[in-house]
Amino acid sequence: MQGHSHYVPKTGIGKWFDARLPLPRLVYDSFIAYPVPKNLNYFWTFGGILSVMLVAQIITGVVLAMHYTAHVDLAFNSIEKIMRDVNYGWMIRYLHANGASMFFVAVYVHMLRGLYYGSYKAPREILWILGVIIYLLMMATAFMGYVLPWGQMSLWGAVVITNLFSAIPVVGPTIVEFLWGGYSVDNPTLNRFFSLHYLLPFMIAGVVALHVWALHVTGQNNPTGVEVKDIKKDTVPFTPYATIKDAFGIICFFILFAWFAFFQPNYLGHAVNYVPGDPLVTPAHIVPEWYFLPFYAILRAITFDINLIVFVIPSKLGGVLAMFAAIAVLAFLPWLDTSKVKSTAYRPLHKQFFWAFVVVCVMLGWLGSKPAEYPYTVLSLIFTGLYFAYFLLVLPLLGLFETPKALPASIADAVLEQERKKGGAPVTAGANAAPQTKG
Amino acid sequence: MASVQHAEGDRRDFLFLATGAAAAVGGAAVVWPFISQLAPDAATVAAGAPVELDLSSIAAGAQIKILWRGKPYFVRNRTEAEIKAAQDVDISTLRDPETDAHRVKEGHAKWLITAANCTHLGCVPLGNQGDYGGWFCPCHGSHFDTSGRIRKGPAPKNLPVPQYTFVSETRIRITGAAAA
């Protein structure tokens, strides 16, 4: 998709600079002249939204770190000091805390868009896997960030999650001691989590750079899933078309973000985290933040030992494996989906399974927020099964049995066809748009 | 400059191997301190020395929680009924089979001392609750009996009994975490 560079420096200084460090050329080729499919819908603005959210989180986070104290005796009070004493501290903290939630809102939309339009399929497998890595890093960052205020949910969330690693046979308990830096979640744990919470966003930024690089090599997918065939007919330049569309999406997203940060700043949090962490008292009901709930439900769904005849997986290890597998399975998606057609718009059966999968994820999220008792435990197991069935049964088999709809010959044809359906004047360029079934 | 070929390797081969070996060994030697620093430090280890506890103020049927090495422990003065309930269990029905006698000190059957972190994911279970009258973990729903044994729910093991000794009738000394 990336053709030859058409960047021509306009000034003498521009020429001089370009010959020494072609940075303006890179920006011009990547964000100005870069061709984007002309039929992208608003779901394609979430990449831009996520980039802006990453920057917003880093800026608010760096400022918060100027006022925060990473010590078990001082952390909770330093957060209260930020909320009460630091000028606009309340605002910056609420932006950071709700920003994390908004980040996940955007990433889930972004991921589901990829799932719906088959954006993970060849030639975008690496692009997709880099996205899965970013998602993993985001989860680690968000988890460690939630520990920093050292409230009850911070402490006990850290206890539950670090104890996941004790399920690893033989070396588990030693790994957990090395994670803790002691015999329990304590001051050394808080210190290292703070250090890593500061580091990981910059690692995310690094992988995002690779993600964008991979994107600019293959070019964007689009709602038809048909690759760009003619740059002139099928694409528009990134600037102004995508820049303005992204900017509009970002502003709309910021309205939602601002509404949470200013009007419902604690809606997505837990009241019990305003109680200082106490290692002697477990909160009545430990739940992670909303964005982890589906995986939490999967973790708790395995309440029985799994007998594999050769060896037995204890229930605890089984739950941990299921939870990590639920994330790892995403990385194999490009090879699990056997359909040649990318876009679900042309896959009538997958459209139904896709929305069923969305319902399964929402149900798992709801179950993750419920106490671990009947009937939620049984339902968690059923929906965990359905979650994996989507990836391991539905996607591999559907490609073999489904009859896709006829694909448009090109992106331009699809756009013109849509115009015609809307009742616009017939356009001559679309006259030869013969449907074809080739993927 | 004329170069001489030696069948058994020349100066460059030697430098190549020596540099490679120094990089590999040096790399490993540098990595180790960076992993080792993650382990509990000397002060943390020192603060984990054995502690003594006076039991005389714990009434029958009551339990206390103490904090040692940053982790809570249950010390429970069990009633006759609780002891009997714990002893009457057919251990072949248990997930982690252990007799009650094995979990207390001989002649001190009323004192049950266990780690207070659920063996599932480390929450502190609530005393005198659950289907077996021992503990119930509110996090993920594990039920423990009056001997601290897992009876129902996701926890794989009984609440571990730490290493301790009776220094007198009403005084114990906790010396070590439970042998896993």
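Every chain is numbered from 1, with letters handed out A, B, ... down the list of sequences. Hydrogens, waters and symmetry mates are skipped; everything else that's a heavy atom, side chains included, is used.
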Within a reach of under 6.0 Å around [atom1] of [X], are more than 12 heavy atoms found that belong to other residues, nucleotides or ligands?
X	atom1	value
A:H285	NE2	yes
B:E80	CD	no
A:Y267	OH	no
A:M139	CE	yes

I need the [X] [atom1] to [Y] [atom2] distance, nearest 0.5 Å.
X	Y	atom1	atom2	value
B:K71	A:D186	NZ	CG	11.0 Å
B:T44	A:N187	OG1	CG	9.0 Å
A:I286	B:C137	CD1	SG	7.5 Å
B:L38	A:I175	CG	CD1	11.5 Å

Looking only at heavy atoms, which two atoms of [X] and [Y] are closest? And how far apart?
X	Y	result
A:F178	B:S36	CE2-CA, 4.4 Å
B:V124	A:T282	N-OG1, 2.6 Å
A:P283	B:P138	O-CG, 4.2 Å

Which answer fits [X], side chain, backbone, both or neither, if we ask what part of it has an atom under 4.5 Å from a heavy atom of chain B?
X	result
A:L179	neither
A:Y296	side chain
A:P371	neither

Are the side chains of [Y] and [X] in contact, using a 4.5 Å heavy-atom criterion?
X	Y	answer
B:P40	A:E177	yes
A:V159	B:C123	no
A:V160	B:H140	yes

**Complete:** Counting heavy-atom pairs under 4.5 angstrom with chain A, the leader among B:G48, B:G141, B:G122 is B:G122
**Asked** Is chain A contacted by the side chain of B:S142, its backbone, both, or neither, given a heavy-atom distance below 4.5 Å?
**Response** neither
**Request:** Considering only heavy atoms and a distance below 4.5 Å, find which of A:L164, A:V281, A:L280 pairs most often with chain B.
**Result:** A:L280
**Request:** Using a cut-off of under 4.5 Å on heavy-atom pairs, state which of A:Y183, A:W180, A:W156 scores highest against chain B.
**Result:** A:Y183
**Asked** Does anything in residues 58-70 of chain B get under 4.5 Å of chain A by heavy atoms, and if so which residues?
**Response** B:K65, B:I66, B:L67, B:R69, B:G70
